[in-house]
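The block underneath contains the structure these notes are about, expressed in structure tokens.
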Amino acid sequence: MHNFPFDIVGFDLDGTLIDSKLDLGVALNHALEQGGFATVPLDMIPRLVGGGTRVLMERALAVQGATLDDDGLTAMAAELVRYYEANIAVHSRLFPGGAEMLDDLAGRGVRLAVVTNKMERLARKLFGELGLTDRFYTIIGGDTLGPGRQKPLPDLLHLMVERSGMSSPRTAYIGDTHFDTGAAQAAGIPCVVCSFGFNQGQTGQLGADAVIDHFDALVPTLESL
């Protein structure tokens, strides 16, 4: 157990640990309809996610050649969040092999964390409804440190390490987009990318230290880094 190369393994949420595309897509389309816009196909959601709710809304509007002023965008993003928060775990689940992978890492004495650009209260509600909260020593959201501190800045990953209370822990981060690899690179820690996440098969362009196609491969991959 003590030979495992990492003390801390942090995870992104949407598209990494949790397949949340259907719940996000249904909430997005609800907000679009409420705003008088066309909905987007649910299979398009993975390419729109990343960077927070406003970015998701902006990208969905751009698909149909539409834009909104700041007040309009804020109102529609707020409606998306309201609906999503009320229906956050209808379809969302761990990706295949996720529970076994988390058990394996915990059994090796690894401390587990979540660092996401999703708002912290939404991340906590989702993990609470899925019964996952107790698996992680900290859950950090994109708003935990206030505005302008989200990934790809390293700030949230620095907070993850700080909250561990450990001195110079060996740390790795698992993600699925350039927000994740960018934050990990800026924080000076290795990053493993999940090819099954919200990256539209562009994993080779993300600058990850390794890529996995299933969570069965994560522990052996971390051992090889």
Side-chain angles (χ1 to χ4, degrees), residues 11-95 114-130 132-133 139-153 155-156 159 175-183 194 196-202 206:
F11 294 87
D12 174 51
L13 195 159
D14 297 300
T16 299
L17 266 181
I18 305 294
D19 186 355
S20 55
K21 61 180 177 292
L22 288 180
D23 287 328
L24 287 168
V26 170
L28 171 62
N29 281 338
H30 165 82
L32 288 169
E33 286 183 321
Q34 291 292 305
F37 294 94
T39 60
V40 298
L42 291 178
D43 61 5
M44 184 180 291
I45 300 304
R47 76 184 71 170
L48 303 178
V49 173
T53 306
R54 285 175 64 90
V55 174
L56 173 59
M57 182 61 68
E58 285 178 319
R59 289 172 177 164
L61 290 169
V63 167
Q64 49 195 287
T67 59
L68 281 175
D69 60 23
D70 189 65
D71 288 344
L73 187 63
T74 297
M76 285 188 64
E79 179 59 21
L80 188 163
V81 170
R82 185 202 67 77
Y83 185 92
Y84 178 65
E85 188 167 9
N87 302 275
I88 200 167
V90 176
H91 304 288
S92 297
R93 299 291 183 271
L94 285 167
F95 278 104
V114 173
V115 182
T116 173
N117 277 350
K118 185 191 289 292
M119 287 184 285
E120 182 178 329
R121 79 170 193 274
L122 297 180
R124 289 187 176 278
K125 181 172 184 182
L126 175 57
F127 280 117
E129 292 199 17
L130 295 179
L132 298 172
T133 303
I139 297 173
I140 296 169
D143 59 341
T144 299
L145 289 175
R149 309 288 292 276
Q150 294 180 318
K151 300 175 293 182
L153 294 177
D155 304 35
L156 301 181
L159 179 62
D176 69 309
T177 71
H178 71 278
F179 292 98
D180 305 316
T181 54
C194 302
F196 47 81
F198 297 166
N199 49 51
Q200 291 298 296
Q202 298 180 3
L206 298 180

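Listed by chain and number, the residues in a side-chain hydrogen bond (donor to acceptor under 3.5 Å, both in side chains) with Asp155 are Arg149 (sequence neighbours excluded). Listed by chain and residue number, nothing satisfies the ring-ring contact (aromatic ring centres under 6.0 Å, His included) test with Phe179 (two or more places apart in sequence, or in another chain). Among residues two or more places apart in sequence or in another chain, the side-chain hydrogen bond (donor to acceptor under 3.5 Å, both in side chains) test is passed with Lys21 by Asp19. For Thr53, the side chain to side chain contact (heavy atoms under 4.5 Å, CB included) partners at least two apart in sequence or on another chain are Ala77, Leu80, Val81. With sequence neighbours left out, Pro147 forms a side chain to side chain contact (heavy atoms under 4.5 Å, CB included) with no residue at all. By the salt bridge (Lys or Arg N to Asp or Glu O under 4.0 Å) test, Asp180 pairs with Lys151, sequence neighbours left out. Checked against side-chain hydrogen bond (donor to acceptor under 3.5 Å, both in side chains), Thr16 has the following partners two or more places apart in sequence or in another chain: Asp12, Asp176. Checked against side-chain hydrogen bond (donor to acceptor under 3.5 Å, both in side chains), Asn117 has no partners two or more places apart in sequence or in another chain.
Sorted by first and then second residue, the ring pair (Phe, Tyr, Trp, His ring centres under 6.0 Å) pairs involving residues 50-78 (not counting sequence neighbours) form an empty list. A side-chain hydrogen bond (donor to acceptor under 3.5 Å, both in side chains) check over residues 58-72, counting only residues at least two apart or in different chains, returns the pairs Arg54-Asp70. Among residues at least two apart or in separate chains, side-chain hydrogen bond (donor to acceptor under 3.5 Å, both in side chains) pairs with a member in residues 24-33 are His30-Glu79.
Here the closest non-hydrogen pair linking Leu42 and Val26 is CD2-N, 3.9 Å. Taking both residues in full, the closest heavy atoms of Ala60 and Leu32 are given as CB-CD1, 4.2 Å, listed atom of the first, atom of the second, then distance. The heavy-atom pair separating Glu85 from Lys125 by the smallest distance is O-NZ, 2.6 Å. Contact detail for Gly15 and Phe198: the closest heavy-atom pair is N-CE1, 3.6 Å. Across every non-hydrogen atom of Thr181 and Leu206, the tightest pair is OG1-O, 2.9 Å. Across every non-hydrogen atom of Leu13 and Ala123, the tightest pair is CD1-CB, 3.7 Å.
Residues Gln150 and Val55 form no side-chain contact, since every pair of their non-hydrogen atoms from C-beta on lies 4.5 Å or further apart. Contact annotation: the side chain of Leu17 never approaches that of Leu132 to less than 4.5 Å [non-hydrogen atoms, C-beta and beyond]. Using a 4.5 Å heavy-atom threshold, the side chains of Tyr84 and Leu126 count as touching. Residues Ile18 and Leu130 have side chains in contact (heavy-atom distance under 4.5 Å, counting atoms from C-beta outward).
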Pair up each side-chain donor or acceptor in residues 87-94 with any protein partner under 3.5 Å, not counting sequence neighbours, and list the distances.
unit_1, atom_1, unit_2, atom_2, d
Asn87, ND2, Tyr83, O, 2.8
Ser92, OG, Asp23, OD2, 2.7
Arg93, NH1, Ala89, O, 3.3

